[in-house]
Amino acid sequence: MISAQSFGENGKMKDYHHTGPVEYRFSPYTFNGGTVLAVAGEDFAIVASDTRLSEGYSIHSRDSPKCYKLTDTTVIGCSGFHGDCLTLTKIIDARLKVLYFLVKCTWLHMYKHSNNKMMTSGAIAAMLSTILYGRRFFPYYVYNIIGGLDEHGKGAVYSFDPVGSYQRDTYKAGGSASAMLQPLLDNQIGFKNMTGVEHVPLSKDKAVQLVKDVFISAAERDVYTGDALQICLITKEGVKEEMVTLRRD
Amino acid sequence: MATLSVSRAPLGGFSFENCKRNAVLEADSAKLGSSVPAARKTGTTICGIVFKDGIVLGADTRATEGMIVADKNCSKIHYISPNIYCCGAGTAADTEMTTQIISSNLELHGLSTGRLPRVATANRMLKQMLFRYQGYIGAALVLGGVDCMGPHLYSIYPHGSTDKLPYVTMGSGSLAAMAVFEDRYKPDMELEEAKRLVRDAIAGGIFNDLGSGSNIDLCVITKGNVDYIRPHDEANKKGVRVNELETLCQTGDYKYKKGTTGVLTKVITPLNLDTVGEHVQTMDTS
């Protein structure tokens, strides 16, 4: 078929020559989808994520949860590029093991050590910030949210950007459907844009129900969110997991 | 002296006058960080088969805008003539308008010939229009119908090429649907078997392709009869647990009480009007 592209500038046909393999700008990153959400209550915290792993228009896995348990009082949710999520959680685990080892060694030399042998959520958050900023010029393509209990036993949520900027929140949504979930949380938990409504503190059951409803809505409109929802409820008793099915289309 | 201005009659086809300006705008908006609004695509799974008595067409019902669902229940099987229907994938506006234009032209053609239109005629009209626009009209179609020569099924690509086949699939979920067809298609199937096969092919697209989703629409065309089944299968319901014994919705209650939206100021202006006269004009509803 003779097309316009085969003609050169002066009207003569261009010589047809084989170009070798052409590499169009290799990218080390890819987006694997997924949404993460964390809510802090009076004496509990919830970290929830969907379990779909996708790439482009395809689904890699319907059972790939994005919540990782770090300690008995801290869970981290990671979404973004799955390769970096896995590596980052391995690095955090390794750093925590090193710290426990060091603490165990020094404990023998100390007369009295505090009760909590585990790192607090705040300390883990600070450590993660330095890990992420260490890769400032080749970032981990991961959106992190840490949920857990602080040293006073109150719920805590820390949200991060890919290069380590973080802050403590009451609730935060991250990942592909974050823009849809965050305004709903602002309204239902933060009581924003509502007048004359009693600011009731969030109970555990209401919070879990809210998280389920919010993910059902996200799965309706975001193609990357769906399949199943994993909810990790963190209390002083430990971490309890619950699975809920979502739309699979 | 009056200036003479000649108003040009609008030329048919696309006008490319704004291309240069759009390129400049795109570059400018890229600098500012925003992006040019994209046309809404359907990101679809559509398919069709020929069975013993006619044609079965199938389609999903999700329309996406980027990776967000814009319409959860849009209709992708378009009417062309009483015996011909067409599924459309690609840019939503293009499939909608193209099928409407050809449907209108076919009706005039049918009145002129005095006969029921043939599928090959619709195919020829569609491909000639799409080729004329050199692929700029992003419409990928599955055209099917039954005419005096029997059942016919065509797939039509945006650049204007067509294929006449016993089973076809189009759209982003076409590979998933074709996988089902290649496994289970046989010629001269019965109606229920054919409907089940099309339903399963679209379901393959819905569950394995992120661009397709929601419900399954079917259209069964036989000699003298069309069965437009919308929806044939509500494959996904909102907030309902699949495979659970109780199918109760588990969502919480999010109703807002009166007064939740704060009113800052209220101004009431009474309009004192007198009725001067009354005249009733009935609407022509013939």
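Source: prediction; values computed, not measured. Lettering follows sequence order; numbering is per chain, from 1.
For T261(B), the part lying under 4.5 angstrom from a heavy atom of chain A is the backbone only.
You'll find the side chain of Y254(B) reaches within 4.5 Å of the side chain of L210(A), heavy atoms only.
Residue R184(B) places its CZ atom among more than 12 non-hydrogen atoms of other residues, nucleotides or ligands, all under 6.0 Å distant. Applying the 6.0 Å contact sphere to OH of Y143(A) captures no more than 12 heavy atoms from other residues, nucleotides or ligands. In this structure, D205(A) places its CG atom where only 12 or fewer heavy-atom neighbours from other residues, nucleotides or ligands lie under 6.0 Å away. The 12-atom threshold is exceeded at CD1 of I229(B), counting heavy atoms of other residues, nucleotides or ligands nearer than 6.0 Å. Summarising the local packing, CZ of F31(A) is surrounded by more than 12 heavy atoms from other residues, nucleotides or ligands at distances under 6.0 Å.
For the atom pair T64(B) OG1 and Y57(A) OH, the distance stands at 5.0 Å (nearest 0.5 Å).
Judged by distance alone, the side chains of Y256(B) and N187(A) do bring a donor and an acceptor atom under 3.5 Å apart.
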Do any side-chain atoms of residues 218-232 of chain A form donor-acceptor pairs under 3.5 angstrom with protein atoms, and if so which ones, sequence neighbours left out?
residue : atom : partner : partner atom : Å
E220(A) : OE1  : R247(A) : NH1          : 3.4
E220(A) : OE1  : K72(B)  : NZ           : 2.7
E220(A) : OE2  : R247(A) : NH1          : 2.8
R221(A) : NH1  : V69(B)  : O            : 2.8
R221(A) : NH1  : A70(B)  : O            : 3.0
D222(A) : OD2  : S176(A) : OG           : 2.8
D222(A) : OD2  : T225(A) : OG1          : 2.7
T225(A) : OG1  : T35(A)  : OG1          : 2.8
D227(A) : OD1  : R52(A)  : NH2          : 3.1
D227(A) : OD1  : R62(A)  : NH1          : 2.8
D227(A) : OD2  : R52(A)  : NE           : 2.9
Q230(A) : NE2  : E241(A) : OE1          : 3.1

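For the residue pair L210(B) and S54(A), the shortest heavy atom distance occurs at CD1-CB, 3.6 Å. For the residue pair S214(B) and D249(A), the shortest heavy atom distance occurs at N-OD2, 2.6 Å.
Remark: the backbone N or O of T260(B) is paired with a side-chain donor or acceptor of T195(A) at under 3.5 angstrom.
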